[in-house]
Amino acid sequence: MQHDLFSTNGGSEPISLGAQSGLLRGFALPLQDQLLDAIQDIALEAPWRQLFTPGGKPMSVRTTNCGTWGWHSDRQGYRYVAHDPHTGKPWPQLPELLQQLARRAASQLGFSDFEADACLLNCYEPGAQMGLHQDRDEQSFAAPIVSVSLGLPAQFLWGGTQRNERPARIELLHGDVVVWGGVDRLRFHGVAKLAAGKHPQLGAQRINLTLRHAGN
DNA sequence: AAGTGTCA
DNA sequence: CATC
């Protein structure tokens with residue numbers, strides 16, 4: 001039987017996080033097995049690695065990328081690079097599965113024709129976190145950000161356009177997708193220190209996929 | 001600078 | 001708030 005990969009949550013409404021942002025609870029669940037396979041393949045080609053902030057401090061997550069552009073951080077700063085500094089090779093191709101998932105999710109929030117050219121993969125183990133920040137290394141902020149959560153639950157910190165606004169805490173579960181763009185595109189966000197736990201598929205980790213249009 | 005440590 |  002022919003079935004719609006997105007049917008599980010195709011009819012559910014986004015949980016609003018702002019005028020042009022929302023949480024699509026469980027949106028990626030129908031694709032979970034294919035997503036985990038794709039992540040494994042990506043990590044074989046572009047291994048997980050620990051990045052350093054420009055200040056020289058190690059980040060607590062492990063990172064890799066796929067797509068035309070990969071986000072990288074070191075003492076030179078934050079930037080997108082076309083080649084993996086670890087291997088010298090181009091980043092693995094962005095799987096069509098992921099491209100379509102991101103396009104469908106963006107469409108649910110009113111962003112048509114989203115075309116990701118970068119996917120940052122962050123792996124959190126218990127204790128790992130991501131401080132409040134803006135995604136502002138992309139060449140244009142016209143396209144939204146699409147974030148896919150897999151594995152252990154996390155508290156998403158969802159702030160305002162100004163750093164001093166106290167962020168809301170939103171629990172993100174395996175299969176959840178968050179989309180933000182337009183007036184919400186530069187909102188500060190982060191992830192609270194991951195609590196210990198074991199996920200049936202992923203064990204003691206959370207993997208987040210962040211899809212972006214980084215180039216021209 | 002998406003970091004941590006420190007001070008109020 | 002300091003930090004190649």
Side-chain angles (χ1 to χ4, degrees), chain A residues 17-18 21 23 39 42-43 46-86 91 94 102 116-172 176-196 205-215:
Chain A
L17 298 178
S21 50
L23 163 56
I39 291 166
I42 290 162
W48 295 105
R49 82 291 306 270
Q50 186 171 37
L51 299 181
F52 292 81
T53 66
K57 305 294 181 19
M59 297 182 70
S60 59
V61 295
R62 295 217 170 239
T63 296
T64 188
N65 291 277
C66 64
T68 303
W69 299 102
W71 188 84
H72 186 70
S73 174
D74 59 20
R75 286 170 184 76
Q76 321 308 322
Y78 300 152
R79 63 202 181 277
Y80 284 92
V81 293
H83 295 261
D84 179 352
H86 188 81
W91 297 104
L94 199 155
D117 63 5
C119 178
L120 171 64
L121 295 81
N122 281 138
C123 181
Y124 297 73
E125 291 180 3
Q129 61 183 96
M130 182 73 69
L132 268 191
H133 67 280
Q134 295 171 300
D135 288 11
R136 55 182 309 158
D137 302 316
E138 300 73 32
Q139 291 203 4
S140 158
F141 305 137
I145 304 289
V146 175
S147 167
V148 180
S149 292
L150 296 167
L152 287 178
Q155 296 287 327
F156 186 51
L157 308 175
W158 183 239
T161 307
Q162 304 255 76
R163 188 185 276 281
N164 61 8
E165 292 180 46
R166 179 193 293 268
R169 286 176 168 257
I170 295 145
E171 181 160 54
L172 295 184
D176 288 352
V177 178
V178 179
V179 178
W180 64 97
V183 298
D184 294 322
R185 175 62 178 72
L186 290 175
R187 281 172 72 142
F188 282 87
H189 57 282
V191 176
K193 184 191 274 212
L194 203 75
Q205 60 180 356
R206 167 177 188 262
I207 294 177
N208 181 72
L209 315 176
T210 310
L211 292 125
R212 309 175 170 130
H213 189 91

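Note that these values count all heavy atoms, side chains included, but never hydrogens, waters or copies made by symmetry. Chain letters run A, B, ... following the sequence lines, proteins first, then strands; residues in each count from 1.
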inquiry  = One character per nucleotide, please: for nucleotides 3-8 of chain B, 5' to 3', B when the base has a protein heavy atom closer than 4.0 Å, S when only the sugar-phosphate does, - otherwise.
reply    = SS----
ask   = Are any of the side-chain nitrogens in A:R79 or A:D137 under 4.0 Å away from the carboxylate oxygens of its partner?
value = no
inquiry  = Heavy atoms only, 4.0 Å cut-off, all strands: where does A:R79 land among base, sugar-phosphate and nothing?
reply    = nothing
message = Only pairs with both distances under 3.5 Å count, Watson-Crick or wobble alike; so what is the partner of B:dT6 in this structure?
response = none
Nearest-Å distance for atom pair CD/P, residues A:E138 and B:dA1 = 16 Å
query = CD of A:Q76 versus C1' of C:dT3: gap in Å, rounded?
reply = 14 Å
message = More than 12 heavy atoms of other residues, nucleotides or ligands under 6.0 Å from CD of A:E125: yes or no?
response = no
key: Distance, rounded to the nearest Å, where A:Y80 contributes OH and B:dA2 contributes C1'   = 11 Å
query = Does the side chain of A:Y124 pick up a donor-acceptor pair with the side chain of A:Q205 at under 3.5 Å?
reply = no
request  = Taking the six-membered ring of A:F52 (Phe, Tyr or Trp), confirm whether the NZ or CZ of A:R75 is under 6.0 Å from its centre and within 45° of its axis.
outcome  = yes
key: Side-chain heavy atoms of A:R49 within contact of A:T64, under 4.5 Å   = yes
ask   = In whole Å, what is the span from the CZ atom of A:R163 to the P atom of B:dA1?
value = 7 Å
key: Side chains of A:W71 and A:L51 in contact at under 4.5 Å (non-hydrogen atoms)   = yes
inquiry  = Rounded to whole Å, please give me the gap between CZ in A:R187 and P in B:dA2.
reply    = 18 Å
request  = Please evaluate the base of B:dA1 for a donor-acceptor partner in the side chain of A:D74 within a cut-off of under 3.5 Å?
outcome  = no
